[in-house]
Amino acid sequence: EFNSYVDWIPGNKPALNEQQVKQAFHDAMPPTWQERFANAGNSLVGMTMAQVVQYFRKQEDQAARKMNCKIGFLFPI
């Protein structure tokens with residue numbers, strides 16, 4: 001899915017391989033999430049793209065819940 005847009009970029013370099021796509025996706029995440037990823041013993045080499053996406057979706061869900069708690073506390077609905 002992510003790599004399908006690479007064909008639209010001008011130039012004659014080959015499309016990114018799975019490892020490069022995983023690295024780019026990882027690098028696009030907030031630094032604290034990247035740190036948690038490493039501290040949890042995860043490695044991009046040993047994971048599929050689906051597993052990496054799943055991990056960071058969980059981080060996103062946790063951040064959203066945390067933010068909702070803060071918003072609810074500051075601005076009760």
Partner set under side-chain contact (heavy atoms from CB on, under 4.5 Å) for Gln19, not counting sequence neighbours: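 Partners of Gln19 by the side-chain contact (heavy atoms from CB on, under 4.5 Å) criterion, ordered by chain and then number, come out as Asn17, Lys22, Leu44, Val45.
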Partner residues of [X] under the side-chain hydrogen bond (donor to acceptor under 3.5 Å, both in side chains) criterion, sequence neighbours left out:
X	answer
Gln59	Arg36, Tyr55
Glu60	none
Asn39	none

So Gln23 and Gln20, side chain to side chain contact (heavy atoms under 4.5 Å, CB included) or not? Walk me through it. CA-CA 5 Å; Gln23 187 66 55; Gln20 291 169 318; 5.6 Å; no
Minimum-distance pair of heavy atoms, taken over all atoms of [X] and [Y]:
X	Y	value
Ala63	Trp33	CB-CZ2, 3.9 Å
Phe25	Val52	CD2-CG1, 3.8 Å
Phe56	Gln34	CE2-N, 4.3 Å

Are any non-hydrogen side-chain atoms of Gln62 and Lys66 less than 4.5 angstrom apart?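 No, too far: nothing below the 4.5 Å cut-off.
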Working to the nearest 0.5 angstrom, can you tell me the gap between Met47 CE and His26 NE2?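 The CE atom of Met47 sits 9.5 Å away from the NE2 atom of His26.
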